[in-house]
Amino acid sequence: MFLLTARIVDTASSGDPFVVENAARLNLIACLLLAIQLVGLIFDGVMSSLPDKLNSQISIGFDVSASGILAALLIFVLAQIFRRGSEMRAELAGTV
Amino acid sequence: MEIIVKLDDMLYARRMTLTELAEKVDITLANLSILKTGKAKAIRFSTLAAVCDALDCQPGDILAFDGNQRKVLS
């Protein structure tokens, strides 16, 4: 996810962030964020179904939150904005 | 069907080079080259007005419509 973000930042620093690849990268980041939330939900579900003795010995947890899900959804929206931006950029290319 | 750019002809008639035209109209040589070689997808009216002013001509002197393909299809 950090590599994807670094590649997006690279395109921005080179002067043209509105490329189709960035829309795809943002989509992937949003999917990964949602997957983390989903894994967290499943993990919490499994942990709560374990007997208390076993449960209390394991201290791993995931932070599942509405803000995490909202962040993923916002990044999906941002990906669509970048896709539209890259289409507009392509239309403008070749205009003198 | 397509729009043909006849900038070459008008530059020759006015004894002007593309570089000189670029300096006169404040458009980059790269963009004028794109226009001259027919690779431009669109032209702004401001660009067209500046080129016509510099070459003392009308848009029809540098642009033409070629509907040959349409005739073939009909």
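Residue numbering restarts at 1 for every chain, and letters A, B, ... go by the order of the sequence lines. Computation of the quantities below employed the complete heavy-atom set of this structure, encompassing side-chain atoms and omitting hydrogens, waters and symmetry-equivalent molecules.
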Write out all chain A-chain B donor-acceptor pairs shorter than 3.5 Å, or none if the list is empty.
residue: Gly94(A); atom: O; partner: Lys41(B); partner atom: N; Å: 2.6
residue: Gly94(A); atom: O; partner: Ala42(B); partner atom: N; Å: 3.3
residue: Val96(A); atom: N; partner: Ala42(B); partner atom: O; Å: 2.9
residue: Val96(A); atom: O; partner: Arg44(B); partner atom: N; Å: 2.9
residue: Val96(A); atom: O; partner: Thr47(B); partner atom: OG1; Å: 3.3

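Counting Ile, Leu, Val, Met, Phe, Trp and Tyr side chains that sit under 4.5 Å apart, directly or through other members, Val46(A) shares a hydrophobic cluster with Leu38(A), Ile42(A). Other members of the cluster containing Ile69(A) are Leu34(A), Leu73(A), Phe76(A), with ILVMFWY side chains joined at under 4.5 Å, either directly or via other members. Here Leu92(A) is tied to no hydrophobic group at all, with no ILVMFWY side chain closer than 4.5 Å.
Interface residue Ile43(B): backbone and side-chain heavy atoms are both found under 4.5 Å from chain A.
In this structure the side chain of Asn27(A) reaches within 4.5 angstrom of the side chain of Gln80(A), judged on heavy atoms.
Separating the CD1 atom in Ile34(B) from the CD1 atom in Ile27(B) is a distance of 11.5 Å, to the nearest 0.5 Å.
Other residues, nucleotides and ligands place more than 12 heavy atoms under 6.0 Å from the CE atom of Met16(B).
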